[in-house]
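The structure under discussion appears below in the form of structure tokens.
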Amino acid sequence: MSYDTFSRNNLVLEDNITYLRWTTWEGKEIVEFHILADMLGELFDDPAADAIDLFLANKTEIEQAAQEHYAAMGAPGGVVELEHIDFI
């Protein structure tokens, strides 16, 4: 995904939970990744910061956690839901 186009469209509100969504190619499969917006603030010690700004500022670490999660557990239903444990 080009982060030049990463925008508010990547923020999703579902069941009163806000998360960021992005997709990548993994081999021949498109995989969707999710990370809770609130969790970004907790992980990067800035709960008041904008979730997209936090994502862009920490994208290398987030992408690494996403790839490690995918390599270890795959993507059931084509979706990887990142959790705190993925950043340990």
Hydrophobic cluster membership, Ile17 vs Leu20, 4.5 Å side-chain cutoff: yes
Same apolar cluster (I L V M F W Y, side chains within < 4.5 Å links), Leu82/Ile30: no
Measure the spacing between [atom1] of [X] and [atom2] of [Y] and express it to the nearest 0.5 Å.
{"X": "Leu54", "Y": "Glu42", "atom1": "CG", "atom2": "CD", "answer": "11.5 Å"}
{"X": "Phe87", "Y": "Glu61", "atom1": "CZ", "atom2": "CD", "answer": "6.5 Å"}
{"X": "Asn58", "Y": "Glu63", "atom1": "CG", "atom2": "CD", "answer": "11.0 Å"}
{"X": "Met39", "Y": "Glu83", "atom1": "CE", "atom2": "CD", "answer": "7.5 Å"}

Over all atoms of both residues, closest heavy-atom pair of Thr24 and Gln67: OG1-NE2, 4.3 Å
For the student: nearest non-hydrogen atoms of Ala75 and Val31, plus distance: CB-CG1, 3.8 Å
Sub-4.5 Å side-chain heavy-atom contact between [X] and [Y]:
{"X": "Thr18", "Y": "Asp38", "result": "no"}
{"X": "Ile35", "Y": "Leu43", "result": "yes"}
{"X": "Phe44", "Y": "Ile62", "result": "yes"}

Under 3.5 Å: donor-acceptor pair, side chain of Asn10, backbone of Arg21: yes
Exercise: do Gln64 and Glu68 side chains pair donor with acceptor under 3.5 Å: yes
Parallel, tilted or perpendicular: ring planes of Tyr70 versus Phe33, cut at 30 and 60 degrees: perpendicular
